[in-house]
Each structure stands twice: as C-alpha cells, then as structure tokens.
Colleague: 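Starting off with a structure, shown below.
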Amino acid sequence: YLEIDPSARDVVDRLATLLEAQNRPEELIAVLRTKAELCDAPDERRDILLEVARITKDILERPDDAIAVYEEIYAQFPEEPSALDALQGLYTETEAWGRLVWTYDERLRRCGDSDEMKLYLNEKAVLYEQFLDDSGSAISAYREVLELDPDDVDALHKLDELYTTAEDWLSVVEILEKTKPLVADEEAGSAEFRIGTIMSEQLGDADQAIVRFENVLGSETLRDAAIESLRTVFFSLEHKERVFDILAPIFTQAARYADLVALREHLVSARDEAGFQREQLEAIARLQEEQLEDLDAAFDAHARCLALDPA
C-alpha cells in the first residue's frame, strides 16, 4: 500500500478501514498518519491524531510513544481537553513527575476559577513534596494557594510541616500566627505554645517565650506544659525575676513549696546583690520552716543570710 498515490484519499480511507478490520494496528497507524497529512480540516486532523494516540496507548500499549502523539496533539490543538487528560494519566503511569507538574501548570494557565486553581496548586505541591523531593517548590505552591485564599487552613498546616522540617523557624512562627485566628481555641493555644517553644529553644528570644507561655496558662490542657516551659526559661535564659513573678503565685497556690524554694535559690545565685540575696534567703528560711517543716534547711538559710551581713 505504500506505493499507492498518497493523494488518493479514497484509497487511504478504504485501506484504513481494511487494516482496522484485519487488526493490523502498526500499519493502520502509518495510514492514519498519511490521512492526517492529507486532511485540510483542523478538527478532522485532530480526530485522526487522537485515534493514532488511542491505538498506540490502548492496543499497542506503548505509553512512551502515546505520550509523544498526545504531546503533538496538544501542541497543535491546545484547547483539546482530552489530550491533556490523557497526558496526565500517562505521565502518572510512567512516573514522569516533572512532566505531570507541567500539566498542572498548563491547567493553571488556562483556569480562571480560584477553587480549581487551588486544587491544581495543591496537586503540584504534593508532587513536589512526595515525588520530586523539592520542598522549596512545594512551599511556593502552597504560598500561591494562600495568595488565592489566605484562610486556607490546610495550606497553612502543610507549610507548617514543610518549614518545620526545613528548620525555618521564623517562617514557622509566621504560619502559626496566621493559623491561630482560623482554628478552634485548643489548636490556637497549641500554636501559641509552639511559638513559645520556638522562641525559647530555637530563636533564644526569652521575652517572647515568656509572653507566649504566659498566654496559655489558662488552658487546662497546656497549663502544666507552660509552667514547665517557664521553669526552663527561668533556669536557662534572661528575665528570671519576671518569670518568678509569674510562677511564684502558681506554686504557692498549688503548695509546690519545694519548687518555690528552688526558684528563690536560683535567684540568690543569679544576682550578686547582698540586699536582694538576704530577702530571698529569708523567704527560703520561712518556707523551709513553716511549709516544708525542714528546720535544718531553715537554719542553713538563716546562717547564709547572716553570713552576708554579720552586723
């Protein structure tokens, strides 16, 4: 049949019908290609190429060759949705993740609906994160989601995870701040507590750590953790007297006198000022004698106080 004049369209049509009936897909594709070249009508040429792609994909089961045909169709007929749909499926099947991202970029380029755009951006982000090991591009995609919808909590949660993994603590704090007003009180409190932890442990900002931990002392679920975190700040960072003023009433009300003694002892060692030290030691002596009933410890505190000022 290759010797037949290719301009004889009737012959090409009959030959295509014959080859299809005889289930000869390889030869049929060649004839359909010739038919497409002879065709002047764009819609008809598109349909012929779609048939070539279908045969290549479904009958010959050659996904790479089918991709080439669908890419050719999309290049010539970018408004044809089935070509892009097919490419998405084939790129997924062949694990061509970078090219799959490209299909979402194409959809985004042609899309004007914000909900659809968010869907495509989320799909892109998942591909970058799970298959391409590109957390930076995943972050960019989720950031684009937030540009469309600043209240998208799912995108905020994903950014929280990605920035935490990257140890980008300033960005984690930014995302947590944006999340707090959008979620239930318990989750908002947890976000505030996490900000305090980051300020304390990663950023070394004692001021902000204290503020954040104090803010969640009213939470039943976070109160104990906040108290322990404030204790950690007290023993390791600055503003010890400020933290003491927060914790002392709490420990007094809870009858945690030993903890209160520990705080005052730390103040004695942290501030080299005789008058201040005497004040703390006197308070320690009273706690040891009246609350803890440890007369030896009370006597020791009085003795240390006397040593500061024998007069």
Side-chain angles (χ1 to χ4, degrees), residues 46 50 53 57 63 66-198 202 212:
R46 176 202 60 204
L50 284 170
K57 171 178 168 290
I67 285 171
V69 180
Y70 280 117
E71 286 179 343
E72 176 186 351
I73 294 168
Y74 188 72
Q76 294 182 40
F77 307 98
E79 302 301 328
E80 173 53 45
S82 64
L84 200 57
D85 292 341
L87 284 170
Q88 277 192 287
L90 287 163
Y91 290 146
T92 302
E93 178 185 340
T94 58
E95 300 184 355
W97 309 122
R99 294 299 293 164
L100 186 55
V101 167
W102 168 81
T103 65
Y104 288 114
D105 285 334
E106 287 297 294
R107 293 190 185 279
L108 284 164
R109 190 165 60 86
R110 299 174 179 280
C111 180
D113 180 78
S114 60
D115 288 337
E116 280 190 52
M117 293 176 72
K118 284 171 57 178
L119 175 65
Y120 300 145
L121 287 166
N122 278 302
E123 292 290 346
K124 276 182 60 178
V126 169
L127 288 171
Y128 280 128
E129 184 181 1
Q130 297 185 6
F131 299 102
L132 294 170
D133 193 26
D134 186 349
S135 60
S137 293
I139 286 170
S140 296
Y142 286 124
R143 284 284 192 183
E144 288 186 62
V145 172
L146 290 184
E147 289 178 11
L148 293 169
D149 180 5
D151 295 342
D152 191 307
V153 174
D154 290 334
L156 288 167
H157 285 161
K158 291 303 297 182
L159 284 168
D160 178 9
E161 293 175 16
L162 288 164
Y163 282 132
T164 298
T165 299
E167 299 184 355
D168 183 349
W169 303 117
L170 287 175
S171 293
V172 173
V173 169
E174 174 209 350
I175 295 303
L176 290 173
E177 292 284 19
K178 290 180 177 179
T179 303
K180 286 192 303 179
L182 303 174
V183 295
D185 289 347
E186 185 173 351
E187 185 178 343
S190 295
E192 182 77 346
F193 180 79
R194 281 188 60 208
I195 292 172
T197 302
I198 291 168
Q202 275 78 38
R212 305 311 178 123

Colleague: Is any NZ, NE, NH1 or NH2 atom of the basic residue among K124 and E106 found under 4.0 Å from an Asp or Glu carboxylate oxygen of the other?
Modeller: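 Salt bridge between K124 and E106, a charged N being under 4.0 Å from a carboxylate O: no.
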Colleague: Please step through side chain to side chain contact (heavy atoms under 4.5 Å, CB included) for the pair I73 and Y70, ending with a clear verdict.
Modeller: CA-CA 5 Å; I73 294 168; Y70 280 117; 4.1 Å; yes
Colleague: With a 3.5 Å cut-off and no angle check, do the side chains of Y163 and E174 form a donor-acceptor pair?
Modeller: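 Checked: Y163/E174 side chains show no N/O donor-acceptor pair below 3.5 Å.
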Colleague: Decide yes or no for E187 and T179: does some side-chain heavy atom of the first lie under 4.5 Å from some side-chain heavy atom of the second?
Modeller: yes
Colleague: Where is the tightest heavy-atom contact between L100 and T103, given as atom of each residue plus distance?
Modeller: O-OG1, 2.5 Å
Colleague: Counting neighbours of CD on E186 that are heavy atoms of other residues, nucleotides or ligands and sit closer than 6.0 Å, is the number greater than 12?
Modeller: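 Counting other residues, nucleotides and ligands, CD of E186 stays at 12 neighbours or fewer.
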Colleague: With the side chain counted from C-beta on, respond yes when E129 and Y142 share a heavy-atom pair under 4.5 Å apart, and no when they do not.
Modeller: yes
Colleague: Please determine whether salt bridge (Lys or Arg N to Asp or Glu O under 4.0 Å) holds for the pair D85 and R107, giving the CA-CA distance in whole Å, both sets of side-chain angles, and the decisive distance to 0.1 Å.
Modeller: CA-CA 10 Å; D85 292 341; R107 293 190 185 279; 2.5 Å; yes
Colleague: Got a second to check how far I198's CD1 is from W169's CH2, nearest 0.5 Å?
Modeller: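 CH2 of W169 is found 6.0 Å from CD1 of I198.
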Colleague: Indicate yes or no: does D152 engage K158 in a salt bridge with an N to O separation below 4.0 Å.
Modeller: no
Colleague: Looking at every non-hydrogen atom in both residues, tell me the closest pair between A125 and A138 and how far apart they are.
Modeller: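 It is O-CB, 3.6 Å.
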Colleague: Using every non-hydrogen atom in the two residues, find where A66 and L90 come nearest and quote the distance to one decimal.
Modeller: CB-CD1, 4.0 Å
Colleague: To the closest 0.5 Å, what do you measure between CD1 (I175) and CG (L156)?
Modeller: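 Between atom CD1 of I175 and atom CG of L156 there are 5.5 Å.
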Colleague: At what distance, to the nearest 0.5 angstrom, does CH2 of W102 lie from CZ of R109?
Modeller: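 Reported value, rounded in 0.5 Å steps: 8.5 Å.
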Colleague: I want to check something: taking the side chain as every heavy atom from C-beta on, are D149 and D115 in contact at a cut-off of under 4.5 Å?
Modeller: no
Colleague: Tell me, do C111 and Y120 make a side-chain contact under 4.5 Å, heavy atoms counted?
Modeller: yes
Colleague: Enter the distance from W97:CH2 to E95:CD here, rounded to the nearest 0.5 Å.
Modeller: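 W97 CH2 to E95 CD: 5.0 Å, rounded to 0.5 Å.
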Colleague: As an exercise, state the distance from CG of L132 to CG of L127, rounded to the nearest 0.5 Å.
Modeller: 6.5 Å
Colleague: Please check if the side chain of N122 supplies one atom and the backbone of K118 the other of a donor-acceptor pair under 3.5 Å.
Modeller: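 Yes: the side chain of N122 pairs with the backbone of K118.
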Colleague: Quick test of your reading of the model: are D151 and K178 salt-bridged, counting only N-O distances below 4.0 Å?
Modeller: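 Salt bridge flag = no for K178 with D151.
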Colleague: If I compare all heavy atoms of L50 with all of S82, which pair ends up nearest, and what's the gap?
Modeller: CD2-OG, 3.8 Å
Colleague: Please evaluate residues R99 and E93 with respect to the criterion salt bridge (Lys or Arg N to Asp or Glu O under 4.0 Å), reporting the C-alpha separation (whole Å), side-chain torsions for both, the decisive distance (0.1 Å), and the verdict.
Modeller: CA-CA 12 Å; R99 294 299 293 164; E93 178 185 340; over 6 Å; no
Colleague: Measuring only between side-chain heavy atoms, which start at C-beta, is R46 closer than 4.5 Å to Q76?
Modeller: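 Result no, sub-4.5 Å side-chain heavy-atom pair not found.
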Colleague: Taking all heavy atoms of L148 and all of S114, pick out the closest pair and write down the distance.
Modeller: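 Distance-wise, the nearest heavy atoms are CD1-O, 4.1 Å.
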Colleague: For the CG atom of L121 and the CD atom of E116, what is their distance to the nearest 0.5 Å?
Modeller: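 With rounding to 0.5 Å, CG (L121) is 11.5 Å from CD (E116).
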Colleague: Counting N and O atoms only, with roles assigned by atom type, does the side chain of S137 sit under 3.5 Å from a partner on the main chain of D134, one being a donor and the other an acceptor?
Modeller: no
Colleague: Mark yes when over 12 heavy atoms from residues, nucleotides or ligands other than D133 sit less than 6.0 Å from its CG; otherwise mark no.
Modeller: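 Counting neighbours around CG of D133, 12 or fewer heavy atoms of other residues, nucleotides or ligands fall under 6.0 Å, so no.
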Colleague: Does some side-chain heavy atom of R194 sit less than 4.5 Å from a side-chain heavy atom of D160?
Modeller: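 The answer is yes, as the side chains (C-beta and beyond) meet within the 4.5 Å cut-off.
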Colleague: Heavy atoms only: give me the nearest I67-Y91 pair and the separation to one decimal.
Modeller: CG2-CE2, 3.7 Å
